[in-house]
Number of protein chains: 2
Amino acid sequence: MENSKSAQTRELVLQTALGMFRSRGFAKTTMRGIAAEAGVSLGSAYYYFASKDELILELYRESVAEQRVRASEAMAGVVPLADRLRAAMDAGIDALTPYHAFGSGFLGSALPPSSAVNPFGEASAEIRLEAEAIFAEAIEGAKVPANLRSDLPQLLWLGYMGVVLFWVYDRSQGQWRTRTLINGAAPLIARTLSLARLPVARGLVEDALTLMAKVRP
Amino acid sequence: MENSKSAQTRELVLQTALGMFRSRGFAKTTMRGIAAEAGVSLGSAYYYFASKDELILELYRESVAEQRVRASEAMAGVVPLADRLRAAMDAGIDALTPYHAFGSGFLGSALPPSSAVNPFGEASAEIRLEAEAIFAEAIEGAKVPANLRSDLPQLLWLGYMGVVLFWVYDRSQGQWRTRTLINGAAPLIARTLSLARLPVARGLVEDALTLMAKVRP
DNA sequence: CTCAGCTGTTGAACGTGTTCAAAAACCGTG
DNA sequence: CACGGTTTTTGAACACGTTCAACAGCTGAG
């Protein structure tokens, strides 16, 4: 970690911003407010972060890092695939929970392809790889069709993005619906993977993979 | 259709806006620009549309209506499920194509749950029902597991939303990747539905449906 | 030490979406 | 026509994200 004056200021602005996001929400937090609370000028905040969106990229980065740590811990010594998948997804939602109230607003900035922040885009490629690595770790040691092995982490991450989308819209107490979804989906995925190895499904899986390859940019 | 002076003005503003969205993109089109081009004052535009987002809701409405018409035409006399699904999805992308260039920007306004415009929300419930009806029509006459019948249109619509998301990010010439995806996904879905009727998969499907019910708001 | 160049900092200014109080146009009723 | 009430129109005003030219502070070569 850089320790220069500059890096300290950057960190101060960032942490002030994330704190205000948590307590006040994304939309209600203004760049002027962040700057004032951090004790710097508006222009200074923009010196370190080119846009309000870019602060989200940092949030995304931190949350994935936290997910990875939590997931590794939770998966240690756990063998059944369903449980490992559940651990990976729960860890992600755990890491995001402080932001649920404003997750709504963040989505609007995060998803447009134009935005530098969107999870499928260029700027977040590095973070996405780390997120996929979590799912790669989750399927380690699991019996998985050989032809699926390499694509599976990406597929699981994609599915997990769907879970996150669900979570963003989830208005239930403590987002228990999302937890229920994860609890149910994890074993379903595991069983679907078993099914995928059966002869009846092989052709289907084969074609799906071919399609994915054709369609990938 | 209302024909009063008021309704005419509303329509003028709306069509001016949609036209500018198509030619200039969503972000680059300003409310002031719309008002000026339509020959009304800024305040007047806001009298008819509470926000810029609300103009998107109208776009969404019009595009679904067009999708329905196109889909019905394309499905007339077509029997195989895969072909009917393809027609339904292609019709949707056809209707959206004029907006592809700005689809990116529109996504940011459309997806946040806070927005009145998000496709899963309250305000668009009516439109969503119409969209689901398209897929209900698509599976008419198809052999489908009985327990899936009622949920399937919604599931297909959800999958189609995924396709739209893909389309928004699709930078390929004329979005051929999206077309390839549809061409491949439609038969895959049909075959998966066949597979779902087999004993090996019945338990899986049963559990998935139970999970959906538990998790639905 | 000097001072040129780089790194950080500042707040004014711009264009935006949105709000609102006031004015204008319209309408039905006497 | 007159006039009260409603609908429609208007543009000024506000807060915001973002840009930018100017300024200050620092650092290292001479």
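Within every chain, numbering begins at 1; the chains are lettered A, B, ... in the order of the sequence lines, protein sequences first and strands thereafter.
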* Look at all strands and tell whether B:Y48 reaches a base, only sugar-phosphate, or nothing, counting heavy atoms closer than 4.0 Å. => sugar-phosphate
* Asked: Nearest to the side chain of A:K52, which nucleotide is it out of D:dA13, D:dG17, C:dT10?
  -> D:dG17
* Asked: On DNA chain C, nearest-nucleotide positions of B:Y46 versus B:G43: which is more 5'?
  -> B:Y46
* Structure fact -> Quick note, B:S51 side chain, CB onward, closest among C:dT18, C:dG8, D:dT19 is C:dT18
* Aromatic contact, A:Y160 with A:W167 (centres under 6.0 Å) -> no
* Structure fact -> Ranking D:dT9, D:dG17, C:dT9 by distance to the side chain of A:T9, first place goes to C:dT9
* To do: May I ask you to say what B:T30 touches in the nucleic acid, namely base, sugar-phosphate or nothing, with a heavy-atom cut-off under 4.0 Å?
  => sugar-phosphate
* Any B:Y47 side-chain nitrogen or oxygen under 4.0 Å from OP1 or OP2 of D:dT8 -> yes
* Does NZ or CZ of B:K52 fall inside the cone over B:F26's six-membered ring, less than 6.0 Å from its centre and within 45° of the axis? -> yes
* Asked: Is a side-chain donor-acceptor pair under 3.5 Å present for A:D170 with A:S172?
  -> yes
* Nearest to the side chain of B:S44, which nucleotide is it out of D:dT10, C:dT9, C:dA12? -> D:dT10
* Asked: Looking at A:V64 and A:I134, what are the two nearest heavy atoms and their distance?
  -> O-CD1, 4.1 Å
* To do: Identify which nucleotide among D:dA12, C:dT9, D:dC16 has an atom closest to any side-chain atom of A:R32, counting heavy atoms from C-beta outward.
  => D:dC16
* Looking at C:dG17, D:dT10, D:dG17, which one has an atom nearest to any side-chain atom of B:S41? -> D:dT10
* Taking atom types as modelled, is there a side-chain donor on A:T97 or A:Q175 under 3.5 Å from an acceptor on the other? -> no
* Between the axis at one end of the helix from C:dC1-D:dG30 to C:dG30-D:dC1 and the axis at the other (five pairs apiece), what's the angle to 10 degrees? -> 20°
